[in-house]
Amino acid sequence: MNGQASAGDLILQVEHLSMKFGGLVAIGDLSFQAKRGEITALIGPNGAGKTTVFNCITGFYKPTEGMITLSRGDGSTYLLERLPNHEIPARAKVARTFQNIRLFSGMTLLENLLVAQHNKLMKASGYTLLGLFGFPSYRQASAESIDLARHWLEKADLVDRADDPAGDLPYGAQRRLEIARAMCTGPELLCLDEPAAGLNPKESASLNQLLMDIKDNTGTSILLIEHDMSVVMQISDHVVVLEYGRKISDGNPQSVRTDPRVIAAYLGVDDEEVETVLTEVGDEDVIEQLDTGPDSEHGPGSSSSFLAGPVTDTIGHSEGERVTVSKGASKAAQVDARKPAVKPKPAAKKSTSPAKPAAKSSTAKPRGGRK
Amino acid sequence: MAVTASPERDIVVPPMQRAFREALYAGAIALGLFVLFIGLRTDQNISNELILVQRWGLLALVVILTAVGRFLYVAYAQPFLASLKVADVATGLLPESMATRFFRIPYLFAAIIIAVALLALAGSLDGLLGPDLAGYARFLRALAIIYAVASVMFYFRSFIHDHFSALGVSALALYPVVVVLTLALYSGSVAGGFQGSLKWVDNFGIQILIYVMLAWGLNIVIGLAGLLDLGYVAFYAVGAYAYALLGTHFGLSFWILLPAAGCMAAFWGVMLGFPVLRLRGDYLAIVTLAFGEIIRLVLINWREVTNGSAGVSGIPKVSFFGLISFNVSDPNYIAKVLNIATSSAYYKIFLYYLILGLCLLTAFVTIRLRRLPVGRAWEALREDEIACRSLGINTTTTKLTAFATGAMFGGFAGSFFAARQGFVSPESFVFLESAIVLAIVVLGGMGSLPGIAVAALVMIGGTEALRELDFLKRIFGPDFTPELYRMLLFGMAMVIVMLWKPRGFVGSREPTAFLKKRKAVSGSFTKEGHG
Ligand SMILES: Nc1ncnc2c1ncn2[C@@H]1O[C@H](COP(=O)(O)OP(=O)(O)OP(=O)(O)O)[C@@H](O)[C@H]1O
Ligand SMILES: [Mg+2]
């Protein structure tokens, strides 16, 4: 994994990351990389663990296992899983936004952006002491911070509303303000959790522009979670696809778009449709197998897929809770399982048969995660 | 009750009939509620036996009053209030508001004439009217003065609103001078003026300003940082005992011990802050409440140091930076230095300006801090702690600085309190004090300094003023003590204010920076914090 790109190009390396909540494996053995100056998209169906990956990167969760390495432009590297929460933005220069917008709603737009420059201003105010007595050095820093805030308000097209409370903004503007606020911390890596959610097409287009502008003019790398495929395909340079906490695909937008596992998983097709989709995509193996109809639901067996890794799928412990993540639920796993079906079983069942309870109940309908 | 009224609007019941029916309901509810509270009372007779006293007459009175009140409200007040919202068809104007109807120029003149006449007759009132009527006359005089002041404030309300801080500070600075001058004119001698000013400067002025300072200190913790602290009185106690013990044992001066007491209180603020940092909301409130009680119990039980519940007495007076003293026996006693008559009022007036200075210091620091990154981080913490962490703000130190700064001002107020009383005991630091300070902060509007100052004036001034209503004894008999009803009125006033202005007197928030124009942020956007 590490050898593919020279270390200087990479800003973020996630290696063997796992996160378990009690018995639930939210992320299992995830590894991926993000290159400096690129937009990396993290996609996957609801509940795939995308937000959890962000929370691990930004220190809100301590991962159960794994290593997250961030390399800054000046050559210093940080192991994010070891840094305290607030030092990740401050020292490693990682900023983020939230899936459910978190603004300081009772403060004005300008104040929101000034709070984001806290650490810089704190130093300039001599940890409050110099500022209390009105030293000129603080006054200058304060004026500079207002200029920076104005710059980002202009970029986000919000400068007219600078003195209004943030809670008064319409939804789309709140999303842009959150991005502007994150940019005011001067990040090298910006993590955006579904920035286009709830935006109308026009707002979505202007968001794309803002993100391209950030990428081109500030050199900030972007890690993006997004459901809106048009946004992902348009602006991202690299896409990582998650399903049930595992990576099922990784590559440029084109290759990911045609990956049958991704189509099955991400588009959330019904079980019956998996074959249809694969047929459409043109997967010969599948077309071959359609006649034999292999029984694939009960685990990947001898599959060579990395999905059949050592992490057990049924983990029962802690607080008497037993959470089962059924293999059958994973569309990608089904696709994988079908491919190597060299020895067709005689009593083949169609996948619609009742012998597959978990798969049906939790097909890729939204699995209400914590929103 | 409004719920019962609304569905009947379409059926159009004649208002009188409806009022009559609702009066009956209200009477029935009052009867049900009060039959055991007021109708029956347990008492002891001479041989110490428990007996039931029946008070049906009083019960009937309460029920009838409730019913009549409801009748008048539904039959007259409700239609009147509704008509205030209906614009005149011909002119398209809204009718005069309640306030403009209440404050009218002719009424103002009448009030001024009554007040002046009664003031002129002040000396001979008893002779003219007899003691009973003279009591009422004095009450009438007080009402007339209050009405006149309120009218003037009403007519200049926009000016007052625009220059509130400047006007407030000048009024506070001039207050003792005005009191002394008025009383001197009134009694005809300067000494009489000073003597009479004791009550006004000490009981009202100093008392209110102590609470203003405490509430402004607590405002940093609750109003800005959003950490619900129910044990604030602990820091007040630490400050008071720091000055009392170090001052009596080591004879250190107030000017050294004031910062020392502040530091000590801040230290305890951090000590409390550490363990409770991980708690939020209700849990934080309970732990801080316990902390307040622990400090009080330590003060009671650590007899060797604190002298237990007997308290510490003989606390040295504050001097004017060692130059002028307020002890009659000292060679540099103020009266000897300035060659004036001896009076205890000088010390009180000095203390008044001292606490005023401390209050202004608190306000200055709070206003400055709000515009500094640390103050903004406090407010951001109140709004959203998780977002704060995502921006690289160390929430631990931010919370600790809020606790420490708030505690420091509590410590300052405490050492001033000890110097003013000359005596401290654990009784002054009970939970009720924390509750009153918290009530002032909430009533004033969390985060707003002028609002909190007005709330302190209303709450503390109001309860002090209730001590003055001696004439009520004439109405309710000599057993009636108005002070006992202070807390009842206090509670009722709070309920009314909270219904009328749920976010306190000043619900909006002043932004700390602006690009084009400073606009107040409506209270509906700000959050209260979750600890
Ligand atoms: N703090 C937590 N405690 C327990 N389970 C959690 C916690 N956070 C997330 N999970 C679980 O981890 C899984 C992944 O959730 P996550 O929020 O990361 O999904 P997501 O990919 O962001 O989904 P969405 O697209 O709906 O936002 C879900 O099953 C969720 O219930
Ligand atoms: Mg999510």
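To find a chain, count down the sequence lines: A is the first, B the second, and so on, and within it residues start at 1. Quick caveat: nothing in here was measured; it's all calculated off a predicted structure.
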B:A513 to A:T108 - nearest heavy-atom pair and separation: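 Residues B:A513 and A:T108, closest heavy atoms: O-OG1, 4.3 Å.
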Would the distance check show the side chain of [X] and the main-chain N or O of [Y] forming a donor-acceptor pair, the cut-off being under 3.5 Å?
X      : Y      : answer
A:N119 : B:G392 : yes
A:D163 : B:K516 : yes
A:E111 : B:R376 : no

Should we say atom [atom1] of [X] is surrounded by more than 12 heavy atoms from elsewhere, each under 6.0 Å from it?
X      : atom1 : result
A:K62  : NZ    : yes
B:W268 : CH2   : no
B:Y283 : OH    : no

Quick check on [X] against chain B: is it the side chain, the backbone, both or neither that has a heavy atom closer than 4.5 Å?
X      : result
A:L121 : both
A:L103 : backbone
A:R91  : neither
A:T58  : neither

If you count heavy-atom pairs under 4.5 Å with chain B, which of [options] comes out on top?
options                      : result
A:R96, A:K120, A:R181        : A:R181
A:G59, A:A90, A:G167, A:S105 : A:S105
A:A95, A:C191, A:P165        : A:P165
A:E178, A:Q117, A:R150       : A:R150

Any B:L391 side-chain heavy atom under 4.5 Å of A:P89 side chain: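 No. Closest side-chain heavy atoms not under 4.5 Å.
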Contact check, side chains of A:F98 and B:D384, non-hydrogen atoms, under 4.5 Å: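 Contact flag for A:F98/B:D384 side chains = no.
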Under 4.5 Å from any heavy atom of chain A - which part of B:R509: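 Contact with chain A involves the side chain of B:R509 alone.
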Interatomic distance, B:F514 atom CZ to A:I146 atom CD1 [nearest 0.5 angstrom]: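 B:F514 atom CZ to A:I146 atom CD1 measures 8.5 Å (nearest 0.5 Å).
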Atom pair OG/CD1 of B:S390 and A:I88 - distance to nearest 0.5 Å: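 It comes to 11.0 Å.
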Test log, rule side chain to side chain contact (heavy atoms under 4.5 Å, CB included), inputs A:L153 and B:L515: CA-CA 11 Å; A:L153 282 174; B:L515 217 51; 4.1 Å; yes
Full working for side chain to side chain contact (heavy atoms under 4.5 Å, CB included) between A:F60 and B:I386: CA-CA 9 Å; A:F60 283 89; B:I386 290 183; 3.4 Å; yes
Step-by-step side chain to side chain contact (heavy atoms under 4.5 Å, CB included) determination, B:I393 to A:H86: CA-CA 6 Å; B:I393 295 175; A:H86 65 269; 5.9 Å; no
Max heavy-atom pair count under 4.5 Å with chain A, selected residue of B:V365, B:V374, B:N394, B:L369: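 Answer, by heavy-atom pair count under 4.5 Å with chain A: B:N394.
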